[in-house]
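Here's the structure, in structure tokens; my notes come after.
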Amino acid sequence: MLKIHFSGEDILRTRVAPAADPVWELVLSLHVLRGRTRDPLTANWRRSVARDLRQDSASEQLRLLFALNPPRGYFPDFLTPYASVEGFEAGLDALRRTPAQLLQRDLSVLAAENQLPSSAAALARGEVSALHHLAESMEQYRSLAISPYWSRIQAAVAADRTRRARALLDGGVEGLLTSLRPTMRWESGVLEVRSYPHSRELHLDGRGLLLVPSFFCAATPVALLDPALPPVLVYPVDRLGALVSADASAASGAARESLAALLGRTRAAVLQASDEGCTTGEVARQLNISPAAASQHATVLRNAGLLVSHRERNSVLHTLTPLGRAMLDA
């Protein structure tokens, strides 16, 4: 179990990342790609990425990147610098500037349980060429495995942020932390991650906590090993359905058939009401329709891939997907 201890100052400084973190998604996707999980929502993605890697003969070029990210267990903290909250390029710039002592420390921990390629020695010495090669490998892998699917990844994270924003407005930061159940439990100033693989205590010491919602995070939230680094907790979001590329999503015949059922002013109004997140009861009140009718219209929109719905206690919160956003903008 991981126990994260908050002071009053930590609660004030806790926040949710502003968008999907491209570096965290890249790193965690490597674990999903090579792990034993058979999640049907990522099955097609795994097959497609594995095929592209073979066709592009990229596996050898990415050998070090794969070695740094074993399917299970520890992976180096330096791969996910805090600066990545500002975007992919900011994250890679920070990675290229990683001090040699941190590289050596993290790689020593990794090598204790994993066999590393010879190229890891140059990286451990902090050689500039090795750091740049690693950054180039991440860019190459991103173009194959992340970029074609980025809109879906962003949609899932944006929907989760809407849930957390509502929890924050309704209950403050404590309401936000309470909303992280069932993967976590907030009680008496301590956030507990019960499924964490090791027993750890993390004291924030006034630094606050950055919560990073992630598409590729598995069932268990992830924290950095080094307690001296800025505290980050990455947690899984609802994936909103199978991960397909933007092209495949646009070409889906099933999606076109579902959209045919959406014609009508009331459903368009439900879509509009869900722009910033809206519960079924709030939709009913805004449109002056019954809760049952609001729920029925939301179900049709959800089945067509325009809305995503999350239950929060006695209410259901509806938010837009990228397709729903495109429909509304059109």
Side-chain angles (χ1 to χ4, degrees), residues 15-21 25 41 149-172 175-176 178-182 211-215 235-246 248-330:
R15 63 191 181 108
V16 179
D21 188 306
E25 296 295 354
L41 299 182
Y149 308 89
W150 189 240
S151 63
R152 283 294 186 98
I153 294 168
Q154 286 181 306
V157 171
D160 185 86
R161 276 180 47 83
T162 298
R163 292 178 63 195
R164 307 309 164 195
R166 194 175 187 91
L168 180 65
L169 289 171
D170 290 345
L176 165 65
T178 300
S179 77
L180 296 171
R181 62 187 190 282
L211 293 163
V212 180
S214 168
F215 183 95
Y235 66 90
V237 303
D238 187 330
R239 289 173 173 165
L240 310 188
L243 184 61
V244 296
S245 68
S249 178
S252 170
R256 289 196 300 271
E257 292 175 4
S258 297
L259 290 176
L262 298 179
L263 298 176
R265 293 185 178 180
T266 301
R267 285 178 188 154
V270 173
L271 199 65
Q272 178 71 54
S274 303
D275 186 14
E276 298 296 333
C278 207
T279 67
T280 303
E282 289 168 343
V283 169
R285 288 192 292 273
Q286 286 186 34
L287 305 185
N288 195 27
I289 59 178
S290 69
S295 178
Q296 182 181 21
H297 289 306
T299 297
V300 174
L301 291 164
R302 183 171 61 252
N303 290 342
L306 303 183
L307 291 184
V308 59
S309 303
H310 293 284
R311 177 166 292 280
E312 290 288 344
R313 296 185 178 177
N314 296 325
S315 63
V316 178
L317 178 66
H318 310 289
T319 54
L320 297 180
T321 66
L323 183 58
R325 171 67 62 190
M327 284 280 293
L328 190 61
D329 291 344

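Along the sequence shown, residues are numbered consecutively beginning with 1.
The only member of Leu301, Thr321, Thr299, Thr319 that meets side chain to side chain contact (heavy atoms under 4.5 Å, CB included) when paired with Leu307 is Leu301.
Separation of atoms CD1 (Ile153) and CG (Asp21) is listed at 11.5 Å; rounding is to 0.5 Å. The structure places OG1 of Thr280 at 12.0 Å from CG of Asn314, a figure rounded to the nearest 0.5 Å. Distance CD/Glu25 to OH/Tyr149: 14.5 Å, rounded to 0.5 Å. In this structure, the separation between CZ on Phe215 and CZ on Arg152 is 8.5 Å, given to the nearest 0.5 Å. Taken from NE2 in His297 to OG in Ser274, the straight-line distance is 12.0 Å, to the nearest 0.5 Å. Taking CG of Asp238 as the reference point, atom CZ of Arg163 lies at 7.5 Å (rounded to 0.5 Å).
Scanning all heavy atoms of the two residues, the minimum distance from Cys278 to Leu317 falls at N-CD1, 3.4 Å. Here the closest non-hydrogen pair linking Ala273 and Val283 is CB-CG2, 4.3 Å. Contact detail for Thr162 and Gly277: the closest heavy-atom pair is CG2-CA, 4.0 Å. Val157 approaches Ala20 most closely through the heavy-atom pair CG1-N, 3.5 Å. For the residue pair His318 and Ala298, the shortest heavy atom distance occurs at CE1-CB, 3.7 Å. Between Arg161 and Ala19, the closest heavy-atom pair is CD-N, 4.1 Å.
Sorted by first then second residue, the salt bridge (charged side-chain N to carboxylate O under 4.0 Å, His left out) pairs that include residues 281-290, not counting sequence neighbours, are Arg166-Glu282. Listed by first and then second residue, the salt bridge (charged side-chain N to carboxylate O under 4.0 Å, His left out) pairs involving residues 296-307 amount to none (not counting sequence neighbours).
Here the side chains of Ser214 and Tyr235 are not in contact, with every heavy-atom distance at 4.5 Å or above. Inter-residue side-chain proximity for Leu320 and Leu271 is flagged as met; some heavy-atom pair is nearer than 4.5 Å. Side-chain atoms of Leu180 and Leu211, non-hydrogen and from C-beta on, do get closer than 4.5 Å to each other.
The main-chain N or O of Pro291 is never found under 3.5 Å from a side-chain atom of Ser295 such that the two would form a donor-acceptor pair. No side-chain donor-acceptor contact under 3.5 Å links Arg239 to the backbone of Ala156.
Among residues two or more places apart in sequence or in another chain, the salt bridge (Lys or Arg N to Asp or Glu O under 4.0 Å) test is passed with Asp170 by none.
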